[in-house]
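Proteins come first, then strands; the chains are lettered A, B, ... in the order of their sequence lines, and each starts at number 1.
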Amino acid sequence: DAGVIQSPRHEVTEMGQEVTLRCKPISGHDYLFWYRQTMMRGLELLIYFNNNVPIDDSGMPEDRFSAKMPNASFSTLKIQPSEPRDSAVYFCASSTGVGTEAFFGQGTRLTVV
Amino acid sequence: DQQVKQNSPSLSVQEGRISILNCDYTNSMFDYFLWYKKYPAEGPTFLISISSIKDKNEDGRFTVFLNKSAKHLSLHIVPSQPGDSAVYFCAARIGGSGNKLTFGGGTRVLVKP
């Protein structure tokens with residue numbers, strides 16, 4: 001399996017622009033997670049899905065952030081409008097269920113200028 | 001409120017010696033703990049885990065110890081190898097929450113040849 005695939009690997013955008021991050025989980029995994037890594041807050045969970053349904057979005061920082069999972073093989077994290085403080089590395093992860101570890105993608109480094 | 005803390009941001013050890021990484025947590029609802037390893041420009045990769053019903057789990061050179069009364073766990077790497085140089089994250093999960101993980105801030109390990 002190719003593992004969790006994220007795109008793009010790097011994104012530089014101007015403040016106020018819309019940004020969309022993409023994730024393809026490992027086939028057969030029914031949990032999908034979006035994490036954000038910053039120097040100040042470390043790795044924090046933004047939202048996670050089970051069987052394409054959002055279960056917990058309490059980590060989503062503001063209404064500017066939204067995430068969707070239209071099918072089992074694709075998810076997006078959108079920021080609109082983006083702000084410089086959104087600059088971070090965003091990771092997507094997937095897993096098969098309770099009691100198993102999550103597998104992470106390589107991350108998307110977002111820079112908002 | 002940091003529920004999972006890694007108080008040592010960095011650790012330097014000589015090749016062949018033991019590396020000991022520490023992690024403290026505050027939430028007694030955590031029932032499963034994991035260690036992840038992260039190289040630069042890559043996503044975290046799962047290393048080893050332990051259930052709260054155990055106090056030790058071993059996998060090759062890696063051993064995780066759990067002290068529930070102290071709310072403390074540690075990762076021992078012996079012998080340490082230069083390829084172990086990475087950032088190590090401790091993570092914890094509450095039972096029934098799916099695979100929602102709370103991460104510590106990470107410890108950067110440098111193994112000197």
Q | Interface moiety of Ser58(A) toward chain B, non-hydrogen atoms closer than 4.5 Å | A | side chain
Q.
Using a 3.5 Å distance criterion without hydrogens, assess whether the side chain of Ser85(B) forms a donor-acceptor pair with backbone atoms of Val111(B).
A. yes
Q) Is a salt bridge present between Asp55(B) and Lys68(B), judged by a nitrogen-to-oxygen distance below 4.0 Å? A) no
Q | Contacting region of Asp56(A) [heavy-atom separation from chain B under 4.5 Å] | A | side chain
Q: Can you tell which part of Glu44(A) gets under 4.5 Å to a heavy atom of chain B, answering side chain, backbone, both or neither?
A: neither
Q: State plainly whether the residues Glu15(B) and Lys112(B) are in salt-bridge range, i.e. N to O under 4.0 Å.
A: no
**Q.** Residue, of Ala102(A), Gly107(A), Gly59(A), that accumulates the most heavy atom pairs under 4.5 Å with chain B
**A.** Ala102(A)
Q) Based on non-hydrogen pairs under 4.5 Å, which of Gln37(A), Met39(A), Arg41(A) is most in contact with chain B? A) Gln37(A)
Q) Has Arg9(A) got more than 12 heavy atoms of other residues, nucleotides or ligands less than 6.0 Å from its CZ? A) yes
Q) Just checking, is any N or O donor in the side chain of His72(B) or Asp24(B) under 3.5 Å from an acceptor N or O on the other one? A) yes
Q | Heavy-atom proximity to chain B below 4.5 Å, by part of Leu43(A) | A | both
